[in-house]
Enquirer: 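One structure coming up, written as structure tokens, with questions to follow.
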Amino acid sequence: MEDQEMQLKVKRVSDKFTESMYVLANEPSIALYRLQEHVRRSLPELVQHKTDMQSWEEQSQGAIYTVEYACSAVKSMTNSSLYFKNIDGLLRQAISLKEQIGSTQGRSAVTNTPTHTSVTPP
């Protein structure tokens, strides 16, 4: 009988010990310690990811600005086609006037040519 009693006492002690270990392992302060440990291990990597993301964001913002600026430049170029047409017309008109002036000067040069040249002795 004493052997059975001893086994029962050993089982109770063992159960109480197991329960105590379970409570101790799941105690809130232990959980907070494990959480702190996890954060301490993973924080440097997260900081590096954040830094990389900020760098990529800055590069992206720069690229977006460049593309928007290029788009606005192209739009302003399409709006300036009217000005280029006016410039083309004015250039054609200037060339025509130059040719007219050149042809009138050529005719007056032919009429003002001396018929005889006088030679003066040295």
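This chain uses plain numbering: 1 for the first residue, then up along the sequence.
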Enquirer: Could you measure the distance from the NZ atom of K11 to the CD atom of Q4? Nearest 0.5 Å is fine.
Expert: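 Here the rounded value is 13.5 Å.
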
Enquirer: State the NZ-CG distance between K50 and L43, to the nearest 0.5 angstrom.
Expert: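 Going from the NZ atom of K50 to the CG atom of L43 covers 10.0 Å.
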
Enquirer: For the residue pair Y22 and E19, establish whether any side-chain heavy-atom pair is separated by less than 4.5 Å.
Expert: no

Enquirer: Output the distance between atom CD (Q100) and atom CD (Q105), rounded to the nearest 0.5 Å.
Expert: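 Here the interatomic distance stands at 12.5 Å.
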
Enquirer: Would a 4.5 Å heavy-atom cut-off, applied to side chains only, mark D88 and R92 as touching?
Expert: yes

Enquirer: Looking at CH2 of W56 and NE2 of H49, how far apart are the two atoms once the value is rounded to the nearest 0.5 Å?
Expert: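 Separation between the atoms: 8.5 Å.
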
Enquirer: Would you find a donor on one side and an acceptor on the other, under 3.5 Å apart, between the side chain of S14 and the backbone of V10?
Expert: no

Enquirer: Please check if any side-chain donor atom of Q48 sits under 3.5 Å from a side-chain acceptor atom of D52, or the reverse.
Expert: yes

Enquirer: Does CD belonging to E37 count more than 12 external heavy atoms closer than 6.0 Å?
Expert: yes

Enquirer: Could you tell me the separation between the CG atom of L82 and the CD1 atom of I87, rounded to the nearest 0.5 Å?
Expert: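 So the CG of L82 and the CD1 of I87 are separated by 10.0 Å.
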
Enquirer: Between atom CD of E5 and atom NZ of K9, what is the distance when rounded to the nearest 0.5 Å?
Expert: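 Reported value, rounded in 0.5 Å steps: 5.0 Å.
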
